[in-house]
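Inspection log for the structure reproduced underneath, given as structure tokens.
Numbers here are sequence positions counted from 1. Just so you know, these numbers come straight off a predicted model, no measurement behind them. In what follows, every heavy atom counts, from backbone to side chain, and hydrogens, waters and symmetry copies are set aside.
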Amino acid sequence: METPDRQGQQEEELLRRIRMQAPPRAGAQAQQQQPAESIGAIILIAVSIIFVIAFISMSSTSGNFLVLHQVPEGHVGVYWRGGALMKTITSPGFHLMLPFITKFEPIQVTLQTDLVRDIPCGTKGGVMISFDKIEVVNRLSKDYVYETLLNYGVHYDKTWIYDKIHHEINQFCSAKSLQQVYIDMFDQIDEIMKEAIQRDCTQYAPGIEIINVRVTKPNIPANIKRNFELMEEERTKALIAIEKQKVAEKEAETQKKIALSAAEKNSQVSRILMEQKLMEKDSSKRQEAIENEMFVARERAQTDANFYRVMKEAEANKLKLTAEFLQLRFIEAISNNTKIFFGDKVPHMIMDQKLLVNYLNNMKSKDSIELQ
């Protein structure tokens, strides 16, 4: 017979087993489903992103079997529907189209360089030469995309650049000698090709603009090339000789200019010294002239003074020559004579006062005439 404690333990064990076998509640089920749904949503988003990326990549490459396609920068999108070119032109970015029905191609409208290789040609003299490469920088105008592709297709540059370069190079070489093509006119080939291609493009495909043409040196036979090298060596030697001659002439001209400069300098110095001496002589001459003028003026003044003195003395003497003055002078002269002679042999001389006055008046008249 079982005890009460043993019976209680059996009941608890039975209840525990029942709880373990019972289904979970609704709240517990919701908590267990939430992580599973989050993981599924994340996986769906990742797959969608991968699908979109693959879709865009495929549309950017072929773009003819997808709805969404991309036009890269520097290009425009053109479309064909049922093989017919559409007038729709799209700009860079994402666009939509009908797959399998509409065909799409990106067309570059920025600068592009077309490289034309291995262009053989024959010169006027029959020598075969070839150009390794010719670069043509060109651009298709956006406004003429539809017209150009309608007339010449997507590969319009093959017609108007690749094939045209071959044609123009052969035309040029066939009319020129090897000397002209390889040396004399080589620097003009770029412009000649550019003008020739642009002229025909302007007439038949006006949307194509030729920016520049770069032509490499052509390949010629080895023996002819060696002859040209020898000619160039001789030409170089001649140019060196000419340059040496020019240098010698320049040196001689320089020496001549130096000598002329020295001579001109000496001439100027001599002229300056001569002018200095002439100035000194002129100064001395003027000084002597001034001294002579001073001497003449001094002598003239002295002469005038003497003349004035003599004239005044003459006038004074004239005023003195009176009968009374002469009589006085006569009396004074006789009174001063202490010797008186008497007798029969006295000299026959009569001192008559009137005769003396007349004699003195005559002498005075003669002096006045001489002074005049």
Side-chain angles (χ1 to χ4, degrees), residues 110-139 157-203 205 208-269:
T110 56
L111 291 179
Q112 59 180 338
T113 301
D114 292 328
L115 184 61
V116 186
R117 293 185 177 276
D118 300 329
I119 309 168
C121 66
T123 62
K124 185 178 180 180
V127 181
M128 289 300 298
I129 62 176
S130 64
F131 294 84
D132 285 339
K133 64 177 182 177
I134 297 178
E135 297 177 354
V136 182
V137 182
N138 61 92
R139 177 172 52 196
D157 52 353
K158 183 181 185 303
T159 302
W160 290 110
I161 294 178
Y162 289 91
D163 296 343
K164 189 65 176 174
I165 281 291
H166 280 269
H167 173 73
E168 293 297 335
I169 284 292
N170 279 273
Q171 287 290 106
F172 176 79
C173 292
S174 62
K176 303 292 186 296
S177 64
L178 181 60
Q179 172 75 21
Q180 292 174 321
V181 175
Y182 193 70
I183 295 177
D184 296 342
M185 299 183 66
F186 178 74
D187 58 337
Q188 305 174 22
I189 298 178
D190 297 347
E191 290 298 325
I192 293 174
M193 293 296 105
K194 177 185 175 183
E195 292 175 0
I197 299 173
Q198 186 64 69
R199 181 175 58 251
D200 290 344
C201 287
T202 302
Q203 183 176 358
I208 303 174
E209 179 184 4
I210 306 300
I211 307 299
N212 195 11
V213 177
R214 294 187 291 268
V215 181
T216 59
K217 200 74 171 177
N219 296 322
I220 63 176
N223 56 346
I224 299 177
K225 184 177 181 181
R226 180 56 186 165
N227 292 335
F228 276 115
E229 290 175 353
L230 293 175
M231 290 173 57
E232 191 65 26
E233 289 178 2
E234 295 299 327
R235 186 180 292 107
T236 303
K237 291 179 182 179
L239 291 175
I240 291 173
I242 292 173
E243 291 299 325
K244 287 182 178 180
Q245 183 179 358
K246 289 182 180 179
V247 170
E249 291 177 356
K250 288 292 183 181
E251 290 178 353
E253 187 178 356
T254 303
Q255 295 295 331
K256 181 180 178 181
K257 288 182 179 180
I258 292 174
L260 289 175
S261 178
E264 186 177 358
K265 178 182 177 181
N266 295 331
S267 175
Q268 291 178 356
V269 171

Open item on the list: Once rounded to the nearest 0.5 Å, what's the spacing between atom CE of M185 and atom CD of Q180?
Closed with: 6.0 Å
Open item on the list: Assess the residue pair E233 and K237 against the criterion (salt bridge (Lys or Arg N to Asp or Glu O under 4.0 Å)); give the C-alpha distance rounded to whole Å, side-chain angles, the decisive distance to 0.1 Å, and a yes or no.
Closed with: CA-CA 6 Å; E233 289 178 2; K237 291 179 182 179; 5.6 Å; no
Open item on the list: Ignoring hydrogens, what is the shortest heavy-atom contact between F131 and I169? Give both atom names and the distance.
Closed with: CE1-CG2, 3.7 Å
Task: Euclidean distance, I165 CD1 relative to I134 CD1, rounded to 0.5 Å - done: 5.0 Å
TODO: For Q179 and I183, run side chain to side chain contact (heavy atoms under 4.5 Å, CB included): C-alpha distance rounded to whole Å, both residues' side-chain angles, the deciding distance at 0.1 Å, then the answer.
DONE: CA-CA 6 Å; Q179 172 75 21; I183 295 177; 4.0 Å; yes
- [ ] Could you tell me which non-hydrogen atom of I197 sits nearest to which non-hydrogen atom of W160, and how far apart they are?
- [x] CG2-O, 3.6 Å
TODO: Taking atom NZ of K217 as the centre, report whether more than 12 heavy atoms of other residues, nucleotides or ligands fall under 6.0 Å from it.
DONE: yes
Open item on the list: Any non-hydrogen side-chain atom of E253 less than 4.5 Å from a side-chain atom of E249?
Closed with: no
Open item on the list: Using modelled atom types and a 3.5 Å cut-off, is there a donor and acceptor pairing between side-chain atoms of K164 and backbone atoms of T159?
Closed with: no
Task: Side-chain (T254) to main-chain (K250) donor-acceptor, under 3.5 angstrom - done: yes
TODO: Tell me, yes or no, whether the heavy-atom count around R235 atom CZ, taken from other residues, nucleotides or ligands under 6.0 Å, exceeds 12.
DONE: yes
Open item on the list: For C173, run the side-chain contact (heavy atoms from CB on, under 4.5 Å) check against I189, V181, V127 and tell me which one passes.
Closed with: V181
- [ ] Kindly compute the distance separating CD (E195) from CD (Q188), expressed to the nearest 0.5 Å.
- [x] 10.0 Å
Task: Closest heavy-atom pair and its distance - T216, F186 - done: O-CE1, 3.5 Å
Open item on the list: Just verifying a value: how many Å separate K194 NZ and N212 CG, rounded to the nearest 0.5 Å?
Closed with: 6.0 Å
TODO: Grab the two heavy atoms, one from T113 and one from R214, that are nearest each other, plus how far apart they are.
DONE: CG2-NH2, 4.1 Å
Open item on the list: With side chain to side chain contact (heavy atoms under 4.5 Å, CB included) as the criterion, how do T123 and K176 come out once you've worked through the C-alpha distance, each side chain's angles and the decisive distance to 0.1 Å?
Closed with: CA-CA 6 Å; T123 62; K176 303 292 186 296; over 6 Å; no
Task: Separation of T202 OG1 from E209 CD (nearest 0.5 Å) - done: 9.0 Å
Open item on the list: For a 4.5 angstrom cut-off between non-hydrogen side-chain atoms, does C121 reach N170?
Closed with: yes
Task: Over all atoms of both residues, closest heavy-atom pair of M128 and G122 - done: SD-CA, 3.8 Å
Task: I210 side, atom CD1; M193 side, atom CE - distance, nearest 0.5 Å - done: 12.0 Å
Task: Nearest heavy atoms of Q198 and I208, plus distance in Å - done: NE2-O, 3.4 Å
Task: Among D200, I192, V213, the one residue meeting side-chain contact (heavy atoms from CB on, under 4.5 Å) with E168 - done: D200
Open item on the list: Regarding K158 and D163, does a basic nitrogen lie under 4.0 Å from an acidic carboxylate oxygen?
Closed with: yes
